[in-house]
Amino acid sequence: DPPKLLYYKGLWNKAIFLETLGVVGSRKITTYGEIITKRLVGRISGKGITIISGFMYGVDAEAHEAAINSGGKTVAVMPCGIDLVHPSYQTSLYKNIIKNNGLIISEYPDSTPPALWTYPRRNRIVAGLSQALLVIEAGIKSGALITAKIARMYNKRIYAVPGPLTSSVSIGTARLIKNGAEIITDVSDILSFYGKANDDQLFSLKEPYGLNRSQKRILEILSKEPLKIDQLARCSGLSISKIGADITVLSLRKYLTMREGKYFLINGGNDVI
């Protein structure tokens with residue numbers, strides 16, 4: 001069921017489609033999903049693999065951003081006309097994709113508005129342009145699962161990121177893995193499909209030099225899962241005042257950061273893990 005026409009914006013170069021990975025997932029992206037998308041997609045795109053996605057907020061937008069930030073290329077398949085930015089607040093992302101030698105693609109002309117049926121129709125183009133598909137977080141009724149179903153019909157390789165079973169946006173990816181999708185534990189799981197070597201780990205905590213015992217203990221606890229300060233106190237046996245002082249030092253030294261009330265480790269001083 002190919003589109004009769006494809007409209008595009010950007011500099012058309014068929015080389016952009018030589019090595020492609022579709023990336024889809026929940027619009028209700030969690031902090032975990034955001035971290036995984038930035039690190040995983042950034043490293044894959046940095047190896048010269050074009051990222052294909054659907055431009056929606058959540059995993060789609062994060063995947064496009066990760067590709068751009070890594071100096072890679074990305075293709076956005078729109079559920080609306082080629083001249084319409086949807087969602088409208090992602091105008092800067094729309095422009096940055098084109099500015100960084102990516103493409104905006106649609107089977108609809110001009111400013112054709114999106115409709116309920118154009119979203120699943122868009123998914124078949126994402127799957128069709130991708131040599132393999134990566135699913136990062138998906139609810140049980142997620143559009144990402146529709147894309148995965150189409151990709152399976154097209155005999156494409158499907159990868160899924162595992163997540164906590166307590167999360168509603170991990171149920172879909174767990175089901176994909178149960179039904180034969182390949183589980184992702186490192187960048188090399190995908191890069192090997194493209195015949196590319198991986199010389200970088202997905203997650204690695206830098207050596208904590210010059211820290212005292214309690215600060216190292218905090219990093220050790222947070223390496224298992226992000227926690228709030230009161231949870232850190234219970235796990236470590238340290239007072240909240242002591243943890244607060246240690247957290248200030250660790251934050252200034254770029255070992256951790258806080259999101260949504262929880263503390264996350266930082267890798268290499270730049271990337272949250």
Side-chain angles (χ1 to χ4, degrees), residues 25-44 58-59 62-63 65-66 69-70 134-140 159-178 182-190 198-273:
S26 176
R27 297 181 188 179
K28 299 177 181 178
I29 190 171
T30 65
T31 301
Y32 168 77
E34 182 181 341
I35 292 167
I36 290 290
T37 304
K38 285 181 177 178
R39 293 190 62 77
L40 189 57
V41 175
R43 281 160 169 72
I44 292 168
V59 170
E62 288 293 341
E65 291 278 10
N69 291 338
S70 69
L134 171 63
V135 183
I136 303 175
E137 294 193 319
I140 197 65
Y159 298 94
V161 174
L165 296 179
T166 52
S167 172
S168 62
V169 293
S170 292
I171 297 175
T173 48
R175 178 168 293 185
L176 286 175
I177 293 168
K178 183 177 181 179
E182 295 191 33
I183 188 170
I184 294 298
T185 58
D186 204 356
V187 186
S188 57
D189 295 331
I190 292 180
N198 174 45
D199 52 6
D200 187 18
Q201 288 184 319
L202 183 58
F203 299 119
S204 60
L205 179 63
K206 63 181 181 179
E207 188 66 26
Y209 293 113
L211 301 182
N212 63 35
R213 183 176 298 178
S214 61
Q215 290 162 358
K216 290 180 180 179
R217 175 62 176 154
I218 289 172
L219 293 182
E220 179 186 356
I221 293 170
L222 291 178
S223 69
K224 298 180 177 67
E225 63 175 329
L227 294 173
K228 296 180 179 179
I229 192 168
D230 58 329
Q231 295 171 317
L232 268 173
R234 288 196 297 271
C235 292
S236 65
L238 301 169
S239 67
I240 287 184
S241 61
K242 172 60 175 170
I243 291 176
D246 285 339
I247 281 176
T248 299
V249 173
L250 293 170
S251 298
L252 290 172
R253 295 189 60 180
K254 306 297 184 182
Y255 280 100
L256 56 78
T257 189
M258 186 178 73
R259 293 187 182 183
E260 300 173 358
K262 292 185 177 182
Y263 290 95
F264 290 79
L265 295 184
I266 294 180
N267 184 46
N270 295 307
D271 300 315
V272 180
I273 70 169

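Bear in mind the structure is a predicted one, so any value in this text is a computation, not a measurement.
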Checklist entry - Can you name the side chain to side chain contact (heavy atoms under 4.5 Å, CB included) partners of Thr37, sequence neighbours left out? => result Ile29, Val41, Val59, Glu62, Ala63, Ile136
Taking atom [atom1] of [X] and atom [atom2] of [Y], what is their separation to the nearest 0.5 Å?
{"X": "Tyr159", "Y": "Asp189", "atom1": "OH", "atom2": "CG", "result": "8.0 Å"}
{"X": "Leu134", "Y": "Ile190", "atom1": "CG", "atom2": "CD1", "result": "4.5 Å"}
{"X": "Lys254", "Y": "Leu252", "atom1": "NZ", "atom2": "CG", "result": "8.0 Å"}
{"X": "Ile221", "Y": "Ser236", "atom1": "CD1", "atom2": "OG", "result": "4.5 Å"}
{"X": "Tyr32", "Y": "Ser170", "atom1": "OH", "atom2": "OG", "result": "6.5 Å"}
{"X": "Lys216", "Y": "Asp246", "atom1": "NZ", "atom2": "CG", "result": "12.5 Å"}

Item to check | Crowding at NZ, Lys224 (>12 non-hydrogen neighbours, <6.0 Å) | outcome: yes
Next on the checklist: Tell me if the CZ atom of Arg175 is crowded by more than 12 foreign heavy atoms within 6.0 Å.
Outcome noted: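 Atom CZ in Arg175 is not crowded, with 12 or fewer foreign heavy atoms closer than 6.0 Å.
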Item to check | N/O donor-acceptor pair under 3.5 Å between Ser223 side chain and Glu220 backbone | outcome: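 Checking the backbone N and O of Glu220 against the side chain of Ser223, a donor-acceptor pair under 3.5 Å is found.
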Item to check | Distance-only side-chain donor-acceptor flag, Thr31 / Glu260, under 3.5 Å | outcome: yes
Checklist entry - Between the side chains of Thr30 and Glu137, is a donor N or O closer than 3.5 angstrom to an acceptor N or O? => result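 Judged by distance alone, the side chains do pair up.
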Item to check | Close side-chain approach of Tyr255 and Leu265, heavy atoms under 4.5 Å | outcome: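 Of all side-chain heavy-atom pairs linking Leu265 with Tyr255, none is under 4.5 Å.
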Checklist entry - Taking C-beta and beyond as the side chain, do Leu232 and Ile247 meet within less than 4.5 Å on heavy atoms? => result yes
Checklist entry - Of all residues at least two apart in sequence or in a different chain, which pass the salt bridge (charged side-chain N to carboxylate O under 4.0 Å, His left out) check with Glu182? => result Arg157
Item to check | Trace of the side chain to side chain contact (heavy atoms under 4.5 Å, CB included) decision for Ser251 with Thr257 | outcome: CA-CA 6 Å; Ser251 298; Thr257 189; over 6 Å; no
Checklist entry - Run the salt bridge (Lys or Arg N to Asp or Glu O under 4.0 Å) check on Lys38 and Glu65 step by step: do they pass? => result CA-CA 8 Å; Lys38 285 181 177 178; Glu65 291 278 10; over 6 Å; no
Checklist entry - Would Lys242 and Ser214 count as a side chain to side chain contact (heavy atoms under 4.5 Å, CB included) if you check the C-alpha gap in whole Å, the side-chain angles of each, and the deciding distance to 0.1 Å? => result CA-CA 9 Å; Lys242 172 60 175 170; Ser214 61; 3.1 Å; yes
Item to check | Check against side chain to side chain contact (heavy atoms under 4.5 Å, CB included), Leu211 and Arg253 | outcome: CA-CA 10 Å; Leu211 301 182; Arg253 295 189 60 180; 3.2 Å; yes
Next on the checklist: Please give me the minimum heavy-atom distance between Arg259 and Phe264, naming the atom from each residue.
Outcome noted: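 Distance-wise, the nearest heavy atoms are O-CE1, 3.7 Å.
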Checklist entry - Of all heavy-atom pairs between Asn212 and Gln215, which one has the smallest distance, and what is that distance? => result OD1-N, 2.8 Å
